[in-house]
*Asks:* 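Here you go, one structure.
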Protein chains: 2
Amino acid sequence: MVSKIENTEFKIITAARKVFLRKGMDGARMQEIADEAGINKSLLHYYFRSKDKLFDRVFSDTFKSVVETINKVFSTSDTLETFLENFIKGYTSVLREKPYIPNFVLHELSRNPQRIVEYINTTNFDKSRIISLIASEPDLNVRPYDPLQLIVDIIALCIFPFVARPIISGFLFEDDVEAYNSFLEERTQHIIDFVKASVFVQK
Amino acid sequence: MVSKIENTEFKIITAARKVFLRKGMDGARMQEIADEAGINKSLLHYYFRSKDKLFDRVFSDTFKSVVETINKVFSTSDTLETFLENFIKGYTSVLREKPYIPNFVLHELSRNPQRIVEYINTTNFDKSRIISLIASEPDLNVRPYDPLQLIVDIIALCIFPFVARPIISGFLFEDDVEAYNSFLEERTQHIIDFVKASVFVQK
DNA sequence: ATTAATTTTGACCATTTGATTAAACTAAAT
DNA sequence: ATTTAGTTTAATCAAATGGTCAAAATTAAT
C-alpha cells in the first residue's frame with residue numbers, strides 16, 4: 001500500500017507533467033494542474049513551494065529521463081553499425097511513446113538556456129565515450145566525417161518529425177493521421193538506411 | 001517621409017516581433033512590447049485591438065516570410081543536384097540571419113496546432129511542385145527513396161542546430177561560441193555532402 | 001479516548017496583466 | 001483662429017493568477 005504523501009505527490013507530478021508538457025511553463029496554470037490532479041490548489045504549494053519549484057521538478061525529471069534513455073542506447077552498442085541501428089531504433093521508439101517531450105524540452109531551452117547546464121551536470125552523461133564511439137573505426141569503408149556533425153545529424157533526423165508534427169501531419173499529409181503514423185513507422189528504417197548509405201562507402 | 005501612423009505601426013511591429021520571438025505568446029507582456037517600442041501601452045490597443053491580434057500579425061508575417069523563402073529557393077532549381085545545393089545553402093543562410101524563427105514557429109505550432117492550416121492557406125505554397133522535383137530523375141545514379149522522407153530529412157538537418165542551439169553550444173561545445181559558429185559554418189557543406197552521399201549512388 | 005501531527009480545504013490577498021476610457025496633444029483643414 | 005480628425009497618454013478597471021493562512025479533516029501516537 002502506498003502512503004498518502006507518496007500518492008498525492010505522484011498525482012501532482014503526473015498532473016503537472018501533463019499540463020506543463022502541453023502548455024509550457026508560461027502557459028500552464030496552477031489551477032489547471034490542481035484540477036487535473038483532482039485536488040485543491042493550495043496542496044500544490046504545500047508539496048512544492050512554488051510554481052517554479054514544481055516546474056523544476058517536472059523538467060529535471062523529464063530531462064533526466066531523456067539523457068538516461070540516450071545513455072542506455074549508447075552503452076549497449078560496440079561497433080559503429082550496431083550503434084547506428086540501436087540508437088536510431090531505440091530513440092525513435094522512445095519518442096513515439098512520449099512525443100511531447102522534444103517540444104517541451106526545446107521550448108524550455110529557449111526560454112531559459114542557462115539552466116540546462118545545471119540539469120546536464122546532474123546527469124552522468126559521458127560525452128567523450130559517445131564521440132569516441134562514433135569516431136572509431138577509421139576504416140576504408142567509412143567516409144571521413146566530423147563525429148559531432150554526425151551526432152547532430154542523427155538526433156535531428158529522429159526528433160524533427162515530432163517537433164514539427166503539426167506541419168508534417170497537417171500540411172504534408174493533410175491531417176490524415178493514418179498517413180502520418182505510417183510515415184513515422186517507415187521513418188525509423190528510412191533514417192537507418194539514409195545514415196548508413198551516407199556513412200559507409202558503398203561497394 | 002513616412003507618415004506618423006506607418007512609423008508608429010512599424011515601431012510596434014518591430015518591438016512586438018522582438019519580444020514575441022524571445023518569449024513566445026504566453027511569456028510576452030504588452031508592457032514590455034510598449035517599452036521596447038518606446039510608446040504608451042494603450043497605443044498597442046489603439047493600433048491592434050488585442051494581444052491576440054498583435055501576435056497574429058507578427059506570427060503570420062514571420063510564417064509567411066519563412067514559406068516565401070523556401071518557395072524562392074525551390075523555384076530557382078531545376079535538377080535534383082542543384083536543388084539540393086541551392087536549398088541547403090539558401091535555407092541555412094536564412095537561418096543564420098534569423099536564428100530565433102524556428103523555435104518561435106515550432107513553439108507556436110505546439111501551442112496552437114490548428115491555426116497553422118489557416119496560415120499555410122494564406123500562402124501560395126506549391127507542395128506538389130516540390131514533391132515532383134524531388135521525386136524526379138528516376139535514375140540509376142539515385143537510390144530509391146520516399147520524397148516526403150527526404151524533404152523532412154533536409155529540413156531537419158538544417159533547422160535542428162538552431163532549435164537545439166543551447167544544448168549544442170552549451171553542452172557539446174561547452175559554451176565556446178567560436179566553436180559553435182565554426183560548427184555552423186562547416187555544417188552547410190556537411191549537410192550537402194551527407195545528403196548527396198546518401199541520395200546518389202557512389203561510383 | 002485524547003492528544004498530537006500531518007494533510008487538505010476554502011477563503012482571501014497582493015500583484016500582474018490585458019484592456020478601456022476620457023482627457024490631452026498634434027496637425028491639418030476651413 | 002477655430003474646428004475637426006487623428007494620435008498619444010495617464011488613470012483606472014476587471015479578471016486572472018500565484019501565493020498565504022487559518023481552520024477543518026484525517027491519520028498516527030500515547
Side-chain angles (χ1 to χ4, degrees), chain A residues 1-62 104 107-108 110-112 114-115, chain B residues 1-62 104 107-108 110-112 114-115:
Chain A
M1 135 124 202
V2 274
S3 72
K4 208 177 195 172
I5 182 167
E6 277 171 356
N7 188 36
T8 305
E9 190 171 326
F10 178 78
K11 280 196 296 185
I12 292 178
I13 291 279
T14 304
R17 190 185 309 129
K18 196 181 259 180
V19 176
F20 278 134
L21 254 67
R22 220 179 315 143
K23 312 235 172 151
M25 164 69 178
D26 293 323
R29 298 286 159 249
M30 293 296 268
Q31 187 59 58
E32 193 178 350
I33 296 174
D35 292 345
E36 180 76 41
I39 57 162
N40 190 285
K41 189 178 59 147
S42 299
L43 257 194
L44 298 179
H45 292 91
Y46 178 75
Y47 279 86
F48 305 85
R49 285 164 42 100
S50 66
K51 186 186 184 184
D52 266 302
K53 293 257 173 47
L54 178 56
F55 180 82
D56 256 33
R57 173 65 178 277
V58 170
F59 181 76
S60 87
D61 281 1
T62 305
F104 174 65
H107 176 59
E108 178 56 19
S110 78
R111 202 184 70 92
N112 203 343
Q114 66 275 23
R115 199 187 290 185
Chain B
M1 140 119 200
V2 274
S3 74
K4 214 176 196 175
I5 183 167
E6 276 170 357
N7 188 37
T8 305
E9 190 171 327
F10 178 78
K11 279 196 295 182
I12 292 178
I13 291 280
T14 304
R17 189 186 310 128
K18 197 181 258 182
V19 175
F20 278 134
L21 254 67
R22 221 180 312 143
K23 311 234 172 151
M25 164 69 179
D26 293 324
R29 297 287 159 249
M30 293 297 268
Q31 186 59 59
E32 193 178 349
I33 295 174
D35 293 344
E36 181 75 41
I39 55 161
N40 190 285
K41 190 176 55 147
S42 299
L43 257 194
L44 299 180
H45 291 91
Y46 179 76
Y47 278 86
F48 305 85
R49 283 163 44 99
S50 65
K51 186 186 182 183
D52 266 302
K53 294 256 175 42
L54 179 55
F55 181 82
D56 257 31
R57 171 66 177 276
V58 170
F59 181 77
S60 89
D61 281 0
T62 305
F104 174 66
H107 176 58
E108 179 55 19
S110 78
R111 201 184 72 91
N112 204 343
Q114 66 273 24
R115 197 187 291 187

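Convention: sequence-line order gives letters A, B, ...; per-chain numbering from 1. This structure is a prediction, so every number in the text was calculated from the model and none was measured.
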*Asks:* Does the A:Lys51 side chain pair with the main chain of A:Met25, one donor and one acceptor, at a distance under 3.5 Å?
*Replies:* yes
*Asks:* Counting heavy atoms from C-beta on, name the nucleotide in C:dA19, D:dG19, D:dT8 closest to the side chain of B:Leu43.
*Replies:* D:dT8
*Asks:* Give a yes/no on whether any side-chain N or O of A:Ser42 is located under 4.0 angstrom from OP1 or OP2 of D:dC21.
*Replies:*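 No.
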*Asks:* Report the distance from atom NZ of B:Lys41 to atom C1' of C:dT17, rounded to the nearest whole Å.
*Replies:*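 Taking NZ of B:Lys41 and C1' of C:dT17, I get 6 Å after rounding.
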*Asks:* With no hydrogens and no angle check, do the side chains of B:Asp52 and B:Ser50 hold a donor and an acceptor under 3.5 Å apart?
*Replies:* no
*Asks:* Find the distance A:Gln31:CD to C:dT16:P and express it as a whole number of Å.
*Replies:* 21 Å
*Asks:* So, B:Gln114 and B:Asn112: side-chain donor and acceptor under 3.5 Å apart, yes or no?
*Replies:*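 Side-chain D/A pair, B:Gln114 to B:Asn112: present.
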*Asks:* Can you check salt bridge (Lys or Arg N to Asp or Glu O under 4.0 Å) on B:Arg115 and B:Asp56, steps first, answer last?
*Replies:* CA-CA 10 Å; B:Arg115 197 187 291 187; B:Asp56 257 31; 2.5 Å; yes
*Asks:* Quick one: is D:dA16 close enough that its OP1 or OP2 comes under 4.0 Å of any side-chain N or O from A:Arg29?
*Replies:* no
*Asks:* What nucleotide among C:dT7, C:dA19, D:dT7 has an atom nearest to a side-chain atom of B:Tyr46?
*Replies:*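 Per side-chain heavy atoms of B:Tyr46, the pick is D:dT7.
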*Asks:* What is the distance, to the nearest angstrom, from the CD1 atom on B:Ile39 to the C1' atom on C:dC25?
*Replies:*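 My rounded result for the distance is 16 Å.
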*Asks:* Without decimals, in angstroms, what is the distance between A:Leu44 CG and D:dT17 P?
*Replies:* 14 Å
*Asks:* Heavy atoms from C-beta onward define the side chain here; which of D:dG19, C:dA19, D:dT9 lies closest to that of B:Met30?
*Replies:* C:dA19
*Asks:* Taking only side-chain N and O atoms of B:Thr8, does any of them lie within less than 4.0 angstrom of OP1 or OP2 on D:dT7?
*Replies:* no
*Asks:* For a quick check of understanding: with a heavy-atom distance under 4.0 Å over all strands, which category does B:Ala28 fall into, base, sugar-phosphate or nothing?
*Replies:* sugar-phosphate
*Asks:* From CD of A:Glu32 over to P of D:dT17, roughly how many Å is that when rounded to an integer?
*Replies:* 9 Å
*Asks:* Between D:dT8, D:dG18, C:dG18, which nucleotide gets closest to the side-chain atoms of B:His45?
*Replies:* C:dG18
*Asks:* Looking at A:Asn40, I'd like to know whether one of its side-chain N or O atoms comes within less than 4.0 Å of OP1 or OP2 on C:dG10.
*Replies:* yes
*Asks:* Rounded to whole angstroms, how far apart are CG on A:Asp26 and P on C:dT17?
*Replies:*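 Computing the A:Asp26:CG to C:dT17:P distance gives 10 Å.
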*Asks:* Could you state the CD-C1' distance from B:Glu9 to D:dT7, rounded to the nearest angstrom?
*Replies:*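 From B:Glu9 CD to D:dT7 C1': 13 Å.
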*Asks:* Taking only residues two or more places apart in sequence or in another chain, which ones pass ring pair (Phe, Tyr, Trp, His ring centres under 6.0 Å) with B:Phe104?
*Replies:*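 Only B:Phe55, B:Phe59 meet the ring pair (Phe, Tyr, Trp, His ring centres under 6.0 Å) criterion with B:Phe104.
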*Asks:* What is the separation between atom NZ on B:Lys51 and atom C1' on C:dT20, rounded to the nearest whole Å?
*Replies:* 17 Å
